[in-house]
Engineer: 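My structure is below; once you've seen it, I'll send some questions.
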Amino acid sequence: MHPLEIGGMGSSLDDLFKRVLSAKIFVNRDLLRPDYIPEDLPHRETQIKRLGAILAPALIGSRPSNIFIYGVPGTGKTAVTQYVLKKLDTEGKNNGASLKIAFINCKHDNTDYRVLADVCEQVGERVPFTGLAVSEVYKRFVKLADDSKSSIFVVLDEVDSLVKKAGDEVLYKLTGVNKQLSRARVSIIGITNDLKFTEYLDPRVRSRLGEEELVFPPYNASELEDILRKRSVASFYKGVLGAEVIKLCSALAAKEHGDARRALDLLRVAGELAERNGELKVTEDHVRRAQKEVEKDRVVEVVKTMPLHSRLLILSLHLLEKQSGNGGTTGEVYEVYTGVSKNFSVEALTQRRISDLINELDMLGIANARVVSKGRYGRTKLVRLSISDRNLRDALQEDSRMTSYIGK
DNA sequence: CGTCCACAGGAATGACGGGCGG
DNA sequence: CCGCCCGTCATTCCTGTGGACG
């Protein structure tokens, strides 16, 4: 490709398209996306073998043990599970063993009903997304399962968020379902980021679900480098990546608890930045900018889809922070929030509700909330925003009243 | 060493929009 | 169409509690 003349701003759309078209950066960027499962998962060989060994009995018609999989985000839990199940499935097809796999993301399906409905759907029967009694959906699942005469795997990804929201009732039911089945078998694979999560579980559920346990340690920087190097071969054109780009991505992600997803995101976004500017090489500078971009995208995406009161709450937190320097207690936050609500002429929610919304923000990583005891002066929660002003502005952008608030 | 603050966070309940089977 | 049950968001009422003050 011929080099391009890059105008200082080059704001016209035509220019942008032209630059993207002629910048030969990506062969296939989808290989860097977090949901892509590669054929080769470096540094997870032992986990793959263990999981394979545990699940293999399905091939000869016995029920594999239920499994608990632990590990912080981005350690390959989901990828390895899907990889092994896929292999098992093709192996089963070749040998006449009937396998069915239901993969549930509990972050999305975080109620009894939705989990069961989704399992039914993936095993083969459509269920309305609301309207039926939970017990009815469960009955349908039992019948469906037994009629299928298969080994059924139910993967509950991020199962901790299900239990925190809806309790362990579903898990109790699902892990006990085999008693009601004569011709089929169900194995549960629970995946969790939260290492202390089993404490929330009923002991009976814990022992049933934890028949086997598998731990995924975080990747270190050099392991991340291996992963990126392997993926980059097929996703980038040769010679596009600067010498230290992969090293830098790995080092940055290693600092963030060895999150491979983060490392891949950095690499992909760095490439996209280069592409957008019509440059022919991805440099370390792109990676550094990608780091800001990745964080911004996350925040903006989450905040934009939030309901009004959550956004008002974020705004209140921001105002409080500007005024006092370091966040405030639930009571102080609530006071500011009621004021803001009045200014927006909407009715304020109760403190109880706001307390829940604060916890939600904390879970999403937008705020930091931790309970502190101030002794004689009560027990409260200290809340701080954990996003930058700049990202906040972008996130609240579509509402001019909010941005003008931030301005002053 | 007990008290008592300022909330945390659980439970019950209700309004709402929606699907179901009859 | 009805009566029923669903999930979600929100309110109301409530009990529980770490630790500085006295």
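Here the structure is a predicted model, which is why all the values come from computation and not from measurement. Chain letters run A, B, ... following the sequence lines, proteins first, then strands; residues in each count from 1.
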Engineer: Answer with base, sugar-phosphate or nothing: what part of the nucleic acid does A:Asp356 contact at a heavy-atom distance below 4.0 Å?
Structural biologist: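 Touches nothing.
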
Engineer: Provide, to the nearest angstrom, the distance between the CG atom belonging to A:Leu357 and the P atom belonging to C:dT8.
Structural biologist: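 Interatomic distance, CG of A:Leu357 to P of C:dT8: 15 Å.
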
Engineer: What's the CG-P distance between A:Leu349 and C:dT8, to the nearest Å?
Structural biologist: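 After rounding, the gap between these two atoms is 18 Å.
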
Engineer: Tell me whether the side-chain N/O atoms of A:Arg376 come closer than 4.0 Å to OP1 or OP2 in C:dC21.
Structural biologist: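 For A:Arg376, the contact criterion (side-chain N or O under 4.0 Å from OP1 or OP2 of C:dC21) is not met.
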
Engineer: Counting distance alone, no hydrogens or angles: does the base of C:dG19 have a donor or acceptor under 3.5 Å from a partner atom on the side chain of A:Arg379?
Structural biologist: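 Counting by modelled atom types and ignoring angles, no donor-acceptor contact under 3.5 Å is found here.
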
Engineer: Any side-chain N or O of A:Lys381 below 4.0 angstrom from OP1/OP2 of B:dG9?
Structural biologist: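 Yes, such a contact exists.
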
Engineer: What nucleotide, of B:dA8, C:dA10, C:dT8, holds the atom closest to the side chain of A:His309?
Structural biologist: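 Nucleotide nearest to A:His309's side chain: C:dA10.
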
Engineer: Report yes if a side-chain nitrogen or oxygen of A:Thr330 is closer than 4.0 Å to either non-bridging phosphate oxygen (OP1 or OP2) of B:dA8; otherwise report no.
Structural biologist: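 Answer yes for this pair, as a side-chain N or O of A:Thr330 is under 4.0 Å from OP1 or OP2.
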
Engineer: In whole angstroms, how far is the P atom of C:dT8 from the CD atom of A:Glu360?
Structural biologist: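 Interatomic distance, CD of A:Glu360 to P of C:dT8: 12 Å.
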
Engineer: Just to confirm, is there a sub-4.0 Å distance from OP1 or OP2 of C:dT11 to any side-chain nitrogen or oxygen of A:Thr350?
Structural biologist: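 Affirmative; the distance criterion is met.
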
Engineer: In this structure, how many angstroms lie between the P atom of C:dT11 and the CD atom of A:Gln351, rounded?
Structural biologist: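 The distance from CD of A:Gln351 to P of C:dT11 comes to 12 Å, rounded to the nearest Å.
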
Engineer: Give a yes or no on whether the backbone of A:Ser182 and the side-chain of A:Asp146 come within a donor-acceptor separation of less than 3.5 Å.
Structural biologist: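 Side chain of A:Asp146 to backbone of A:Ser182: a pair is present.
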
Engineer: Nearest-Å distance, CD1 (A:Ile358) to C1' (B:dA6)?
Structural biologist: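 From A:Ile358 CD1 to B:dA6 C1': 13 Å.
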
Engineer: Classify the side-chain pair A:Tyr337/A:Glu332 by whether it contains a donor and acceptor separated by less than 3.5 Å.
Structural biologist: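 No, no side-chain donor-acceptor pair sits under 3.5 Å.
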
Engineer: If you assign A:Tyr377 and A:Asn359 each to the DNA chain B nucleotide with the nearest heavy atom, which residue ends up on the more 5' nucleotide?
Structural biologist: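 The residue closer to the strand's 5' end, by nearest nucleotide, is A:Tyr377.
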
Engineer: Between A:Phe68 and A:Tyr70, how do the two ring planes meet: parallel, tilted or perpendicular, split at 30° and 60°?
Structural biologist: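 Answer is parallel, since the angle falls under 30°.
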
Engineer: Taking the minimum atom-to-atom distance to the side chain of A:Arg352, which one of C:dG19, B:dG10, C:dT8 wins?
Structural biologist: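 Within the option list, the nearest is B:dG10.
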
Engineer: Tell me the interatomic distance from A:Ile354, atom CD1, to B:dG9, atom P, rounded to whole angstroms.
Structural biologist: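 One finds 15 Å between P of B:dG9 and CD1 of A:Ile354, rounded.
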
Engineer: How many whole angstroms separate atom CZ of A:Arg353 from atom P of B:dA8?
Structural biologist: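 Whole-Å distance recorded here is 14 Å.
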
Engineer: Given A:Phe141 and A:Val177, is the side chain to side chain contact (heavy atoms under 4.5 Å, CB included) satisfied, shown in steps?
Structural biologist: CA-CA 9 Å; A:Phe141 169 63; A:Val177 73; 4.1 Å; yes

Engineer: Apply side chain to side chain contact (heavy atoms under 4.5 Å, CB included) to residues A:Leu312 and A:Ser341 and explain how you reach the verdict.
Structural biologist: CA-CA 7 Å; A:Leu312 290 176; A:Ser341 298; 4.2 Å; yes

Engineer: When the distance from NZ of A:Lys374 to C1' of C:dA20 is rounded to whole Å, what number comes out?
Structural biologist: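 Interatomic distance, NZ of A:Lys374 to C1' of C:dA20: 12 Å.
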
Engineer: What's the closest nucleotide to the A:Arg140 side chain, out of C:dG7, B:dA8, B:dG21?
Structural biologist: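 That would be B:dG21.
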
